[in-house]
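Basis for what follows: all heavy atoms, side chains included, without hydrogens, waters or symmetry-related copies.
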Amino acid sequence: MSDGSVQQRQSQPAVPLLEEQRVGEILASVPERKHWRYRPRRVGMVWRSRTFRIAAVFTVLALCGLAILALVRDQTGTEGFLVGLGLAVLPVPLLMAAFRWLDRVEPAPWRNLLFSFAWGAFAAALVAITANSFATRWIATAAADPSDADTLGATVIAPVVEESAKAAAVLLIFLFRRREFHGIVDGVVIAGFTASGFAFTENILYLGTAFGEDQQIGTSGIASVTAATFFVRAVMSPFAHPLFTVLTGIGFGLAAVTPKHRRIRRIALPLLGLVLAMGMHALWNGSASFGPYGFYAVYGVFMVPVFGLVTWLAIWSRQRELRMLSAELPAYAAAGWLTPAEPLALSSMRARGMAREAARQRHAAAAWGGPYGPGYAPAFGPGHVSPGRRPSARVSAHAKAQAEAHGRAAARAVAEYESFATSLASLRLQARRGTAGPDFPERELELLHHLWQRREVAAPALTYAAQAMGLLRPHPLSTPPYAYPFPQPAQYGGYGHNPCLNSHRPPPQ
């Protein structure tokens, strides 16, 4: 055997082999719930308490929010503040939905996204408005020509202050939520939410100020300053601030996939992204000083192409995450933890959605009636009647609600299974790159434990989805939505503490 093949084999982390007689023994070594790495619960000193840390962060952000809103209201007036708030909130759902769509493969926890948005809207905005005002006044006092203070502040001071304040949110999540920060997509999404929050607060200020100007000069409608400001900031360039900060997020994402021993690169990449964000922000702010068509030139020649390039990079990174699943998970299928079809289904977003919907329909029908429980209702549509059964004349609302609850619980179990499987593939990739850390075996075993708890629900649904999508060799399917028998629906009432799902039974042959 050559030296190259030996090194390649050593670089592949070993997968625990699944043996029917040793399933209980293997999974019995899973740490207790309070020691789970994916749901840490630290106890002890006050500042290590999770409750204390959440309360402290919430308090700081709330105080920053009250301060920045008071400052904005003081500059725009109450009426201008309300008008600016109503108009500034319009692009926010679209931006959040776009970044959330990009993060569908391995969604970031909502707590991280909400923290990022709140940091951008409150803390970063407060730092920016305070520092920019102070710097502009200082330049006006110290410079020979005070009329240049606004231009210098917008093109030199504002990009540095604002991008540094927004980058602080990405840095905090990178440091304190490192296991939830896996690559470029996570960096883009966290940076995008932070910048969306910052742009939201900034738009309130600009739109409220424009409304005040309209009241002074008596303009209204399409010809008003408010309409022009809204068109430029919310229609033409709602992606401006997210695009700047996303460059910083890409730098942190590249640092996340860099091996730990390359410390210089891990530090240089985020700094390079931050410098690029500052430079692009300065170019955008200074476009008005390039002449009457400077803004349109920068917008069409620079901003739009860069936006397209960054969008392509983010989508390519998401597709790479999907390819990672099909490359890393077959090792666990070969060891018996997954079925051969699951890596194929998990690497397709459409197959994932089909599996969740199939599990929801199947288990709702099983809980409602037919051969799976008392009472009867058509299992697969209003025209379907099982042989030997006559549909009941009336189905109670309570039975229907219970059936729908079983269906939602099954779909939730499949979604959790998909999430844990994605985390497992990402963890294995980190281990091959040397960035997983010394606790890789414990984290791997914990994820296998979570998968095993949900296997009876998720594995048939994912196998059906892989067959329906043509990812496997076609062969006849039995009764839809998929061909695998199911246990009684009562087993799926509580996934976390259900004895049927927590039992360590061998996989189906």
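By the 4.5 Å heavy-atom criterion applied to side chains, Thr130 and Phe134 are not counted as neighbours. Contact of the Leu85 side chain with the Val72 side chain is not registered, since no non-hydrogen atoms from C-beta on lie closer than 4.5 Å. Contact annotation: the side chain of Arg454 approaches that of Phe420 to within less than 4.5 Å [non-hydrogen atoms, C-beta and beyond]. Using a 4.5 Å heavy-atom cutoff, the side chains of Asp103 and Arg100 are in contact. In this structure, the side chains of Met280 and Pro159 stay at 4.5 Å or more apart for every pair of heavy atoms. Considering only heavy atoms from C-beta on, Val246 stays 4.5 Å or farther from Phe239 through its side chain. Side-chain contact between Trp284 and Ser237 is present, with heavy atoms from C-beta onward closer than 4.5 Å. Phe81 places a side-chain heavy atom less than 4.5 Å from the side chain of Leu69.
The line from OG1 of Thr194 to CD1 of Ile173 is 6.0 Å long, rounded to the nearest 0.5 Å. For the atom pair CD1 of Ile204 and CZ of Arg73, the computed distance is 13.5 Å after rounding to the nearest 0.5 Å. Between atom CG of residue Leu114 and atom CZ of residue Phe193 there is a gap of 7.5 Å, rounded to the nearest 0.5 Å. The CG atom of Leu325 sits 6.0 Å away from atom CG of Leu346, with the distance rounded to the nearest 0.5 Å. Taking NE2 of His281 as the start and CG of Leu243 as the end, the distance is 11.0 Å to the nearest 0.5 Å. If you take CG on Leu445 and CG on Asp439, they are separated by 12.0 Å, rounding to the nearest 0.5 Å.
Taking Phe99 as the reference, nothing meets the ring pair (Phe, Tyr, Trp, His ring centres under 6.0 Å) condition, with sequence neighbours excluded. Contacts of Pro330 classified as side-chain contact (heavy atoms from CB on, under 4.5 Å), with partners at least two apart in sequence or in another chain: Pro343. Checked against salt bridge (Lys or Arg N to Asp or Glu O under 4.0 Å), Glu357 has the following partners two or more places apart in sequence or in another chain: Arg360. Contacts of Glu342 classified as salt bridge (Lys or Arg N to Asp or Glu O under 4.0 Å), with partners at least two apart in sequence or in another chain: none. With sequence neighbours excluded, the residues satisfying side-chain contact (heavy atoms from CB on, under 4.5 Å) with Leu276 are Leu247, Leu272. Legend: residues meeting side-chain contact (heavy atoms from CB on, under 4.5 Å) with Pro109, ordered by chain and number and at least two apart, are Arg111, Asn112, Glu180. Annotation: salt bridge (Lys or Arg N to Asp or Glu O under 4.0 Å) contacts of Arg266 (sequence neighbours excluded): none. For Glu418, the salt bridge (Lys or Arg N to Asp or Glu O under 4.0 Å) criterion is met by Arg356, not counting sequence neighbours. Every residue meeting the side-chain contact (heavy atoms from CB on, under 4.5 Å) condition with Leu171, not counting sequence neighbours, appears here in chain and number order: Leu175, Phe252. With sequence neighbours left out, the ring pair (Phe, Tyr, Trp, His ring centres under 6.0 Å) criterion links Phe198 to His241.
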Take Glu162 and Asn132, measure what side-chain contact (heavy atoms from CB on, under 4.5 Å) needs, and give me the verdict at the end. CA-CA 9 Å; Glu162 293 177 7; Asn132 289 343; 3.2 Å; yes
Show, in sequence, the C-alpha distance, side-chain angles and deciding distance for Gln467 and Thr463, and conclude whether the side-chain hydrogen bond (donor to acceptor under 3.5 Å, both in side chains) test is met. CA-CA 6 Å; Gln467 295 173 358; Thr463 301; over 6 Å; no
Take Lys166 and Thr248 through the side-chain contact (heavy atoms from CB on, under 4.5 Å) test and state the conclusion after the steps. CA-CA 9 Å; Lys166 289 183 288 183; Thr248 305; over 6 Å; no
Test log, rule side-chain contact (heavy atoms from CB on, under 4.5 Å), inputs Tyr332 and Leu424: CA-CA 10 Å; Tyr332 295 96; Leu424 181 62; 3.7 Å; yes
Check step by step if side-chain contact (heavy atoms from CB on, under 4.5 Å) holds for Ile129 and Leu205. CA-CA 10 Å; Ile129 194 173; Leu205 177 62; 4.1 Å; yes
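In this structure, Gly249 and Val170 approach most closely via the heavy-atom pair CA-CG1, 4.4 Å. Listed here is the closest heavy atom pair of Val161 and Val127: CG1-O, 4.1 Å. Nearest heavy-atom pair across Pro238 and Leu95 is O-CD1, 3.7 Å. Contact record, Thr258 with Leu269: OG1-CD1, 3.8 Å, taken as the closest heavy-atom pair. The minimum heavy-atom distance linking Thr201 with Ala121 is given by the pair OG1-O, 2.6 Å. The shortest non-hydrogen separation linking Ala465 to Ala351 is CB-O, 3.3 Å.
At least one donor-acceptor pair under 3.5 Å links the side chain of Tyr299 to the backbone N or O of Met236. A distance-only check finds a donor-acceptor pair linking the side chain of Arg178 to the backbone of Phe181 [under 3.5 Å]. Between the Trp119 side chain and the Leu61 main chain, no donor and acceptor come within less than 3.5 Å of each other. With hydrogens and angles ignored, the 3.5 Å screen pairs a side-chain donor or acceptor of Ser347 with a backbone N or O of Leu344. Without hydrogens or angle criteria, Thr226 side chain to Phe211 main chain gives a donor-acceptor distance under 3.5 Å. With hydrogens and angles disregarded, a donor-acceptor distance shorter than 3.5 Å links the side chain of Asn203 to the backbone of Ala199. A donor-acceptor pair under 3.5 Å is absent between the side-chain atoms of Arg455 and the main chain of Tyr417, judged by distance alone.
With Ser423 as the fixed residue, the side-chain hydrogen bond (donor to acceptor under 3.5 Å, both in side chains) test singles out one of His182, Arg179, Glu106: Glu106.
Counting non-hydrogen atoms of other residues, nucleotides and ligands closer than 6.0 Å to CZ of Phe230 gives a total above 12. Counting non-hydrogen atoms of neighbouring residues, nucleotides and ligands closer than 6.0 angstrom, the CZ atom of Arg323 exceeds 12 such neighbours.
Judged by distance alone, the side chains of Gln75 and Thr209 never bring a donor and an acceptor atom under 3.5 Å apart.
Taking the ring axis of Tyr464 as reference, the NZ or CZ atom of Arg362 does not stay both within 45° of it and closer than 6.0 Å to the ring centre.
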For residues 302-319, please give each side-chain donor-acceptor pair under 3.5 Å, one per line with the distance, not counting sequence neighbours.
unit_1, atom_1, unit_2, atom_2, d
Thr311, OG1, Phe307, O, 2.7
Ser317, OG, Leu313, O, 2.8
Arg318, NH1, Trp101, O, 3.0

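Using a 4.0 Å cut-off between charged nitrogen and carboxylate oxygen, Glu446 and Arg443 do not count as a salt-bridge pair.
Among pairs with a residue in residues 187-209, those fulfilling salt bridge (charged side-chain N to carboxylate O under 4.0 Å, His left out) read Glu202-Arg233, at least two apart in sequence or across chains.
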